[in-house]
**Student:** 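To start, I am sharing the structure in question, which I have written as structure tokens.
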Amino acid sequence: MPVMSYIQAITQALHEEMERDEKVFVLGEDVGVRGGVFRATEGLYEKFGETRVLDTPLAESAIAGVGIGSAMYGMRPVAEMQFADFIMPAVNQIISEAAKIRYRSNNDWSCPITIRAPYGGGVHGALYHSQSIESVFANQPGLKIVMPSTPYDVKGLLKASIRDEDPVLFLEHKRAYRLIKGEVPEEDYTVPIGKADVKREGTDITVITYGLCVHFALQAAEKLEAEGIDAHILDLRTVYPLDKEAIIEAASKTGKVLLITEDNLEGSIIGEVSAIISENCLFDLDAPIKRLAGPDVPSMPYAPPLEKEFMINPDKVEHAMRELAEF
Amino acid sequence: MPVMSYIQAITQALHEEMERDEKVFVLGEDVGVRGGVFRATEGLYEKFGETRVLDTPLAESAIAGVGIGSAMYGMRPVAEMQFADFIMPAVNQIISEAAKIRYRSNNDWSCPITIRAPYGGGVHGALYHSQSIESVFANQPGLKIVMPSTPYDVKGLLKASIRDEDPVLFLEHKRAYRLIKGEVPEEDYTVPIGKADVKREGTDITVITYGLCVHFALQAAEKLEAEGIDAHILDLRTVYPLDKEAIIEAASKTGKVLLITEDNLEGSIIGEVSAIISENCLFDLDAPIKRLAGPDVPSMPYAPPLEKEFMINPDKVEHAMRELAEF
Amino acid sequence: MVKVDKLNKVAEQRHGRLGLTDEQVLDMYRTMLLARRIDERMWLLNRAGKIPFVVSCQGQEAGQVGASFALDRQKDFALPYYRDVGVVLAFGMTAKDLMMQAYAKADDPNSGGRQMPGHFGQKKNRIVTGSSPVTTQVPHAVGIALGAKMEKKDFVSFVTFGEGSSNQGDFHEGANFAAVHKLPVIFMVENNQYAISVPLSKQVACEKISDRAIGYGMPGITVDGNDPLAVYEAVKDARKRGNNGEGPTLIEVISYRLTPHSSDDDDRSYRGREEVEEAKQKDGIYSFADYLRKLNILTEEIETKMEKEIKKIIDDATDDAENAAYADPKSIYKHVYAE
Amino acid sequence: MVKVDKLNKVAEQRHGRLGLTDEQVLDMYRTMLLARRIDERMWLLNRAGKIPFVVSCQGQEAGQVGASFALDRQKDFALPYYRDVGVVLAFGMTAKDLMMQAYAKADDPNSGGRQMPGHFGQKKNRIVTGSSPVTTQVPHAVGIALGAKMEKKDFVSFVTFGEGSSNQGDFHEGANFAAVHKLPVIFMVENNQYAISVPLSKQVACEKISDRAIGYGMPGITVDGNDPLAVYEAVKDARKRGNNGEGPTLIEVISYRLTPHSSDDDDRSYRGREEVEEAKQKDGIYSFADYLRKLNILTEEIETKMEKEIKKIIDDATDDAENAAYADPKSIYKHVYAE
Ligand SMILES: Cc1ncc(C[n+]2csc(CCOP(=O)(O)OP(=O)(O)O)c2C)c(N)n1
Ligand SMILES: Cc1ncc(C[n+]2csc(CCOP(=O)(O)OP(=O)(O)O)c2C)c(N)n1
Ligand SMILES: [Mg+2]
Ligand SMILES: [Mg+2]
């Protein structure tokens, strides 16, 4: 299988979906001639032309709203928010509109839009180019939120999102773009939205996380193996709605659970994961449900030592995993 | 002590704060001559004139954003969102701006704004006049979210919010406006933001909730008392940042915890409450942490029987409390 | 006789010149009247405690119907706002549909009783589902027009909203997007002078809402909303431009909100009765009836019959809706996602 | 000699007529040049791997400085956007402050190293803290002007943003609010023809961004951003109107972004070199220098001295910043709320 980077998997998925279905199109700021500020849409403009790869005015509510309108009409828009931090002006369109169109019309209308946005820190992007924004949207029935960690999942989930009959917020970890590489099959495939994935089987402790932190946990698990600590790692992949069965199964398996997010701790989606566990398998637990997250400060600062203090990294993860194992 | 309604406590708090400090002013849609669509600002226009009681154009991002600018300058704006559901166009101003101004400027600037919004269901308001919107904002360090349940708390917390040096989202349960009455002292007082309050002492089960559901729980507790079930009821009052100590204390006290919110279950703020409990006092628990919430559908429908199916009510609460006590 | 004939000719030139037959203008009038009578009935039902909520079209029917008749109602997409009873009737919604909505019954085609009255949507008639937060439909209309452009279809999308709502960011962003991409959208502002209690002078400082068009590089026009033919003409022109690839148009239609904002409002606290009475004198339904009467298109006989028919339709619709079932409470768990 | 004198007089009338002394225009030039030289140094430092990021003012200094000098820099509030090095220097920020910011050191007055370069804020100079999401500062400026009106103070608030950013809803909502309430705000669009890679023609379809003013009922004017005196005059007029209770003004300043969008951008993929070269010929710094030279206000001697002084200031600032400390990592937990 060919090996490619996380961002290449995105570009390829877009390319193939646009070839497969001419209702699929891309819109956003600088997605055309420039191929996106991260180059996620590179080559699409040249291949599919400016009617299917639209450079929009600088207006996120319109990017979402026009996308939503086109989706109601029957197109398959893939809207790009240049940075997830800049999705905020589009919240009304996403929460009040996209998420509620099917429900409010009693299934008469629907809104199959995919909204892509690069999120996450560790790129010296400071407060407004580093945020995790999923929790703003992770309480909106009608919406799905996908946050893949590997190129394989990226490609399969992006295709599934584009083909999905409902709105999907597809969040890409921007630090993973070029850092994370992996095997991706040549043939067409999708990965089901709503299903978590065991990224490592283990028996001593359970780590539940998503995005870049999956890789931190996998690295830490390698190290801890030498110490005789065998970690079970569940990658949520879809953070809304959560895969309850998979969470309960993973938590029950070892009885010791560590939840990790790069987001600020309080109100992050791992609170919900914790609640699911203690509602459903409390008596299987041998230790308090531990959480590792960013601190409760607005977002990570720019200065490198300050950013480092904020960001989750393999060392912090390893430390937390060892502590839990030793509980 | 005089008895007044929940909404009268709001009007009185606004009135007194405007009298106390001439930097305090009110802005929003129809807050002037009309006195607000719910009459929360009744009489203020007549008393303080149109420069301090501003009818704004129909534009929530500007209501928030202009308020924020005036707060940075040194005023004490109290901005009204006509319905909490319509706060969505202002999310960017609230999350990207208000919440981050102090932090991003390293304490050079600050933003003492209060944003009031009526939320909650049970008023035949359908999808867009019934929502609980706190979870959209309950992951934003720099912001505080207050959701009082009684006229006493309303008045004391609204005054505290206006006097607070940081942005406060003040959410008022619109069904409580005229339904809930209570004693309110004549003299000036505040209630501290960030502190939960035990609304009933008990020994058998702990109920943690906020807003209108506090009253449902109190009613149910009365009934259950006859059956020998003694409920401890904690009113969160501030849902962000949460009062961890009070939560841990209340949960530990009985070892059986029921969390209630009117919001959709998944991703609601009670998930965080649950996570705090199982992180800090898991071994004090005698039962799984139970949650009672609205179903995971976009919001409550308009037709009365459908709305009823969605809404939390005293019966549902009583049932859940009994079930937990019997665990 | 000669005199009448002459008058007839002079007057006829107005709708005839616009390419409208006598039958069509009578149909326009009937649709306006139906909208008004339904609305009036809603208030009665509300005051009788039968339905919890009404939000009115009264005073805006002429503009709504004039505009709709200028569209291709077999092709074009309508994105109405909550007052557009005239638009949705013209696009094929029935009195019964509207009563089902008012009573929030399962057979409400808009939402099956999930949404409040005035939240229209009916796919078979290309009436696009709407919500409560104002102006969100503006970018949707642009997106639908983008679909037309991408798929090389010759429909336009027609979106309406109040003048107060034209101050929302979504109006600006949507209008600009449509203009840059030259999309076939007709933006129609129904300027009824109030946003709930806020008069026009506290909403905007511009002379005309249509003055905003130049800032997007599109034509802007202001027309009398009590004159359905003037609105018809403006929308017809705009539709032609849209179809020709010349992009969007902003049309401001001046009217007056004859009722309180909704059944929950009391407008006496913020506007004088004289002002309302004065506006009632200019009611487009009456002046259009006059026009048709002068042309002998609307005879006494036709009028009586029309009123009777409309009454019967509304009576039947009301009965049907009153006797219809609510949706099953358990149905609230349905249609969150595709099933 | 006579010839020179004549030229001198004719030319002098320009700034003299505007009430500017020779000293003041020289100060304007010095500020423009300082902004440019700082920016150039930033790029060198970036390419040398010393600082991670630059976002440039190059091509916009003339407009920025011309505007700032028309304000009362002891009273007025500035809400600059990320390119406004010229504005913040004029308002009292120093080269050292800017270097501290570029190096993200604890002594950065804007944010103590928390924010990226170009995110200005310094309360003592009434430079209001800004963020990355564009255009959010527009309603803030309106709110500050509301403060002026409520407290009967005679300052104005001055806010800038790119032409691309004028397509955000916050521009529309803020402008309309200011106009309705007749607030002393100066909205200055720095139209540099690009929003990252998107050329003006794909951002808007209007002829001038200032055409948007009429839709808010405020004056709108377009001026040459390479001519600091023209911008000075426009802002001076706008300030007078604001102070007189006549409300806000929209000023569009036409310039060209001479550098790529930022140090992370490569503009060769979306615009030709000839276009950039052509724009460089019109650089306002050079033409203003010419003007001052012709008037003998800028002599060779002054120029040499000025460049030398500026170089020294920047060298020192760079050294200071390079040797300064980062904030304590544990400081990230501070200032979330008032302490
Ligand atoms: C975003 C948003 N804010 C507030 C409201 C509450 N609201 C409903 S209608 C209305 C006034 C609308 O005025 P206008 O646009 O002029 O329409 P009209 O009702 O006059 O036809 C307001 C403030 C809303 N529905 N949506
Ligand atoms: C809300 C938001 N969306 C996207 C961005 C990313 N972004 C930064 S600058 C920029 C272009 C701005 O163009 P313009 O307003 O013309 O200013 P210029 O950079 O040309 O001076 C974009 C898209 C942002 N900062 N904020
Ligand atoms: Mg109106
Ligand atoms: Mg630009």
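Residue numbers begin at 1 in each chain, while the letters A, B, ... track the order of the sequences.
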**Student:** Test Arg114(D) against Met300(A) for side-chain contact (heavy atoms from CB on, under 4.5 Å), laying out the working first.
**Tutor:** CA-CA 8 Å; Arg114(D) 290 178 170 192; Met300(A) 57 197 84; over 6 Å; no
**Student:** Any idea which heavy atoms bring Gln168(D) and Ala59(A) closest together, and the distance?
**Tutor:** NE2-CA, 3.7 Å
**Student:** Any chance NZ of Lys96(D) has more than 12 other-residue heavy atoms, nucleotides or ligands included, within less than 6.0 Å?
**Tutor:** no
**Student:** Side chains of Ser269(D) and Arg34(A): closer than 4.5 Å at any heavy-atom pair?
**Tutor:** yes
**Student:** Based on non-hydrogen pairs under 4.5 Å, which of Ala303(A), Ala126(A), Ser61(A) is most in contact with chain D?
**Tutor:** Ala303(A)
**Student:** What I'd like to find out is whether the side chain of Pro52(D) reaches to under 4.5 Å of the side chain of Tyr302(A), using heavy atoms alone.
**Tutor:** yes
**Student:** Can you confirm whether Lys50(D) is buried at NZ, in the sense that more than 12 heavy atoms of other residues, nucleotides or ligands lie under 6.0 Å from that atom?
**Tutor:** no
**Student:** So, the side chain of Asn167(D) versus the backbone of Leu58(A): is there a donor-acceptor pair under 3.5 Å, distance only?
**Tutor:** no
**Student:** Within the structure provided, determine whether Pro133(D) and Met88(A) are in side-chain contact (heavy-atom separation under 4.5 Å).
**Tutor:** no
**Student:** Is any side-chain heavy atom of Gln82(A) closer than 4.5 Å to one of Ile196(D)?
**Tutor:** yes
**Student:** At a heavy-atom distance under 4.5 Å, which candidate from Ala104(D), Ser111(D), Ser166(D) has the highest pair count against chain A?
**Tutor:** Ala104(D)
**Student:** Is Phe86(A) in contact with chain D via its backbone, its side chain, both, or neither, using a 4.5 Å heavy-atom distance?
**Tutor:** side chain
**Student:** Count the heavy atoms of every other residue, nucleotide or ligand shown that sit under 6.0 Å from CD of Glu275(D), and state whether that count exceeds 12.
**Tutor:** yes
**Student:** Quick one: what part of Tyr337(D) sits under 4.5 Å from any heavy atom of chain A, side chain, backbone, both or neither?
**Tutor:** neither
**Student:** With a 4.5 angstrom heavy-atom cut-off, which part of Asp170(D) approaches chain A: side chain, backbone, both or neither?
**Tutor:** neither
**Student:** Please state whether the side chain, the backbone, both or neither of Phe38(A) comes within less than 4.5 Å of a heavy atom of chain D.
**Tutor:** neither
**Student:** Can you confirm whether Glu207(D) is buried at CD, in the sense that more than 12 heavy atoms of other residues, nucleotides or ligands lie under 6.0 Å from that atom?
**Tutor:** no
**Student:** Tell me if the CZ atom of Arg273(D) is crowded by more than 12 foreign heavy atoms within 6.0 Å.
**Tutor:** yes
**Student:** Do Pro301(A) and Ile332(D) come within less than 4.5 Å of each other through their side chains, counting heavy atoms only?
**Tutor:** yes
**Student:** Could you check if a side-chain atom of Ser132(D) sits within less than 4.5 angstrom of a side-chain atom of Leu127(A), using non-hydrogen atoms only?
**Tutor:** no
**Student:** Select one option (side chain, backbone, both, neither) describing which atoms of Val204(D) are under 4.5 Å from chain A's heavy atoms.
**Tutor:** neither
**Student:** Give, as side chain, backbone, both or neither, the part of Asp30(A) having an atom under 4.5 angstrom from any heavy atom of chain D.
**Tutor:** both
**Student:** Which atoms form the tightest heavy-atom contact between Pro329(D) and Pro305(A), and what is the distance?
**Tutor:** CB-O, 3.9 Å
**Student:** With rounding to the nearest 0.5 Å, note down the distance linking CG in Asp328(D) to CD in Glu309(A).
**Tutor:** 8.0 Å
**Student:** Test salt bridge (charged side-chain N to carboxylate O under 4.0 Å, His left out) on Glu29(A) and Lys202(D); report intermediate values, then the result.
**Tutor:** CA-CA 11 Å; Glu29(A) 295 154 10; Lys202(D) 283 193 169 180; over 6 Å; no
**Student:** In Å and rounded to the nearest 0.5 Å, what is the OH to CD distance from Tyr326(D) to Glu307(A)?
**Tutor:** 11.0 Å
**Student:** Does a sphere of radius 6.0 Å around CD in Glu50(A) hold more than 12 heavy atoms from other residues, nucleotides or ligands, not counting ones at 6.0 Å or beyond?
**Tutor:** no
**Student:** Just do the side-chain hydrogen bond (donor to acceptor under 3.5 Å, both in side chains) check on Tyr128(A) and Gln115(D) with the steps written out, would you?
**Tutor:** CA-CA 8 Å; Tyr128(A) 297 99; Gln115(D) 291 217 76; 5.1 Å; no
**Student:** Gly162(D), Gly112(D), Ala327(D): which one forms the most heavy-atom pairs within less than 4.5 Å of chain A?
**Tutor:** Ala327(D)
**Student:** Working to the nearest 0.5 Å, report the span between OH of Tyr270(D) and OH of Tyr45(A).
**Tutor:** 14.5 Å
**Student:** Pair Met116(D), His124(A) - check side-chain contact (heavy atoms from CB on, under 4.5 Å), show working.
**Tutor:** CA-CA 8 Å; Met116(D) 297 178 84; His124(A) 311 309; over 6 Å; no
**Student:** Give a yes or no on whether Lys334(D) atom NZ has more than 12 heavy-atom contacts from other residues, nucleotides or ligands under 6.0 Å away.
**Tutor:** no
**Student:** Are any non-hydrogen side-chain atoms of Val336(D) and Pro298(A) less than 4.5 angstrom apart?
**Tutor:** yes
